[in-house]
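Notes follow the structure.
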Amino acid sequence: MLLLLALACDDHTFTPVSGGEPVVGSSFADVETIFEGSCLGCHSAAASLGALDLETDPCGAIVDVPSAAYDGTLVVPGDSANSVLWHKVADTGTYGGVMPQGAALAAESITTIADWIDAGASCDDAGTTPTDTTTDTTPTGPNYSYQIVQETVFDARCTSCHYPGSTAGTDVDLTHAIDLVGLTSTQAGGLYGDLVLIDPGAPETSLMMLKVLGVENVGPVNLGSAMPQYSDPLPTDQTVSLFGWILEGAL
Ligand code: HEC
Ligand code: HEC
């Protein structure tokens, strides 16, 4: 899988992903509501994973725009079945994994996206000022504290293999993951040289995040298995908690 990770800018704002509220409709405003609720955690101006920024100009970023990673167009007006974006949210497997990563939108929301595309993918409803993002959607977002990430991600899904003296084939101890902040893989007893495990403020270059996202290569370095190994990927809210914690400085 070819993966283009755009570097985050200095502005560490982070939009939480809410678990996928069903959005019924077919206008671009409805589609934007879906993006704001379920996509901006990874596809914002500050952190555009997969080289996709759905925040700055969401319509201009997708309509008639070639995919960065796949042989196809993100949104073909009038033709959802030929739109990479629809395939990814509908999890057809034609163009890599499902979006949002590790989870799925509510069926109603997937239909909303298909209906908007099939009706011509008009951007008329694209407001220049996102109306309700500042007050309404942020307060109930996930918690990015270290304590939450250690308990819900590392303790729940990782320390069965990543414990001190593990025989699972890794010496990287995640029972107190905050001790790893800023360390390179080698310093932590790992296999990936000078890649930094947890780079505060930069999840998109942190080995920990890249392994959880299933990124296969960084430059010439092959990153081996996706984490957690031999197991289902983390659900989106946990992925986003980890991402948000690192983005906000891994405190
Ligand atoms: C937890 C992080 C995360 C979330 C949330 C997320 N994405 Fe992604 N997205 C990625 C990553 C990583 C990639 C690159 C890997 C790939 O193509 O599968 C990507 C790639 C994509 C691509 C392909 C871009 C291209 O040009 O090839 C599309 C389209 C996309 N995402 C749409 C969405 C939509 C729509 C949502 C919300 C419904 C969403 N994503 C939510 C992480 C995420
Ligand atoms: C079933 C066992 C298992 C589980 C569960 C597991 N890992 Fe791993 N992990 C490994 C093994 C084995 C390696 C070494 C081989 C590799 O890199 O693929 C490794 C390597 C890593 C590395 C690279 C360390 C380095 O520098 O060499 C990171 C980062 C990592 N895991 C993170 C995680 C995270 C985060 C989780 C939980 C979300 C997790 N792992 C769950 C077995 C596991």
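Both counts, for ligands and for their atoms, begin at 1 and track the order of listing. Here the structure is a predicted model, which means the values were calculated and not measured. Because only heavy atoms are used, hydrogens play no part in the values below, and waters and symmetry mates are left out as well, while side chains stay in.
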**Report entry** Atom of Gly182, atom of Gln187 and distance for their closest heavy-atom approach
**Finding:** O-OE1, 4.3 Å

Query raised in the report: Between Arg157 and Asp232, which heavy-atom pair has the shortest distance, and what is it?
Result: NH2-O, 2.5 Å

Requested in this report: Would you mind listing which atoms of ligand 1 come within a distance below 4.0 Å of any non-hydrogen atom of Val89?
Outcome: 35 (C)

Requested in this report: For the pair Ser83 (side chain) and Leu85 (backbone), establish whether a donor and an acceptor sit closer than 3.5 Å, ignoring hydrogens and angles.
Outcome: no

Query raised in the report: With a cut-off of 4.0 Å, which atoms of ligand 1 are near a heavy atom of Tyr70?
Result: 16 (C), 17 (O), 18 (O), 27 (O)

Query raised in the report: Does a side chain donor of either Ser27 or Asp30 reach within less than 3.5 Å of an acceptor in the other side chain?
Result: yes

Query raised in the report: Applying side chain to side chain donor-acceptor pair (under 3.5 Å), which residue pairs with at least one partner in residues 57-68 are found, sequence neighbours left out?
Result: none

Report task. Over 60° means perpendicular and under 30° means parallel, so classify the ring planes of Trp116 and Phe28, tilted if in between. Result -> tilted

Query - Metal proximity, His43 vs atom 8 (Fe) of ligand 1, N/O/S cut-off 2.8 Å - result: yes

Query - Minimum heavy-atom distance between Phe35 and Leu54, given as atom pair plus value - result: CE1-CD2, 4.0 Å

Query - ligand 1 atoms in contact with Ala68 (distance to a heavy atom under 4.0 Å) - result: 25 (C), 26 (O), 27 (O)

Query raised in the report: Side chains of Asp155 and Gln150: do they bring a donor and an acceptor to under 3.5 Å?
Result: yes

Query raised in the report: Applying a 4.0 Å heavy-atom criterion (strictly less than), which segment of Ile113 is in contact with ligand 1: side chain, backbone, both, or neither?
Result: neither

Report task. Consider ligand 1: state whether an atom of it lies below 4.0 angstrom from any non-hydrogen atom of Ser38. Result -> yes

Requested in this report: Measure the distances from the heavy atoms of Gly96 to every atom of ligand 1 and state whether one is below 4.0 angstrom.
Outcome: no

Requested in this report: Go through the side-chain N and O atoms of Thr56 and Asp53 and say whether any donor and acceptor fall under 3.5 Å apart.
Outcome: yes

Query raised in the report: Between Leu54 and ligand 1, is there a nitrogen or oxygen pair with a distance under 3.5 Å?
Result: no

In a simple table, one pair per line, please give the protein and ligand 2 atom names for every N or O pair closer than 3.5 Å, along with the distance.
residue, atom, partner, partner atom, Å
ligand 2, 7 (N), His162, NE2, 2.8
ligand 2, 9 (N), His162, NE2, 2.9
ligand 2, 17 (O), Tyr192, OH, 2.4
ligand 2, 17 (O), Lys211, NZ, 2.7
ligand 2, 18 (O), Lys211, NZ, 2.9
ligand 2, 18 (O), Ser225, N, 3.4
ligand 2, 18 (O), Ser225, OG, 3.2
ligand 2, 26 (O), Ser185, OG, 2.4
ligand 2, 27 (O), Leu191, N, 2.6
ligand 2, 31 (N), His162, NE2, 2.9
ligand 2, 40 (N), His162, NE2, 2.8

Report summary line: Closest heavy-atom pair, Glu55 versus Ala45, reported as atoms and distance to 0.1 Å, is OE1-N, 2.9 Å

